[in-house]
Structure formats: structure tokens, C-alpha cells
Amino acid sequence: SSYVGVVDHPFYAITGDAGDFTIADLPAGDYEIEAWSEEFGTQSQKVTVTEGGSAETSFTFKGE
């Protein structure tokens, strides 16, 4: 099987083996970030990136 995600911007990430991700060069501002798991669905969170700064967030997907 395969999956395709189409977005109208260059800001996305694919997680590493440990589930970590980085979205580089994101301009300062308020964003809603969404994580998707084939098995567990989607989650979203709001995050604020400051000028010249960064932001951290995390998602936890739990099995049934």
C-alpha cells in the first residue's frame, strides 16, 4: 500500500525511527500542526514560532 499527502506549502516532516521530527525554516507565526498515523488516525495542536526562535511540541498516539 502507499499514501500520498498533498500540501500547498513546503513545511512538512516525516518522523525518524524514534518518532522525532523537525520542520526547518518555518517563518514566525501561529500554526496548527497535524500528525497522522496509519494505525491511530490524526491529532492536531497549535504552536507559536517566535521570530528567530523555535517551538517544541509532541504527540502521543496510544493503541486501543
Side-chain angles (χ1 to χ4, degrees):
S1 64
S2 64
Y3 298 91
V4 175
V6 178
V7 294
D8 62 355
H9 54 75
F11 304 111
Y12 64 91
I14 298 171
T15 59
D17 291 340
D20 55 322
F21 66 94
T22 299
I23 302 173
D25 302 321
L26 192 62
D30 296 323
Y31 297 94
E32 183 167 359
I33 196 167
E34 183 176 83
W36 172 80
S37 164
E38 175 183 358
E39 187 173 348
F40 301 114
T42 61
Q43 293 183 17
S44 62
Q45 296 180 17
K46 295 187 186 251
V47 65
T48 299
V49 176
T50 58
E51 187 68 38
S54 63
E56 290 189 21
T57 190
S58 64
F59 293 91
T60 302
F61 288 92
K62 297 182 180 178
E64 296 183 77

Closest heavy-atom pair and its distance - [X], [Y]:
X: Phe61; Y: Ala35; value: CZ-O, 3.8 Å
X: Ala55; Y: Val47; value: CB-CG2, 3.3 Å
X: Ala13; Y: Ile23; value: CB-CG1, 3.9 Å

Are Tyr31 and Trp36 connected into the same hydrophobic cluster when the rule is that any two of I, L, V, M, F, W, Y join if their side-chain heavy atoms are below 4.5 Å apart?
no
Shared ILVMFWY cluster between Phe11 and Phe21, side chains joined below 4.5 angstrom?
yes
Do the side chains of Thr60 and Lys62 get nearer than 4.5 Å, heavy atoms only?
yes
For the OH atom on Tyr12, are there more than 12 heavy atoms of other groups (residues, nucleotides or ligands in this structure) within a distance under 6.0 Å?
no
Counting only heavy atoms not in Glu51 (residues, nucleotides, ligands), do more than 12 fall under 6.0 Å from its CD?
no
Which distance, rounded to the nearest 0.5 Å, do you find between the CD of Glu34 and the CZ of Phe59?
8.0 Å
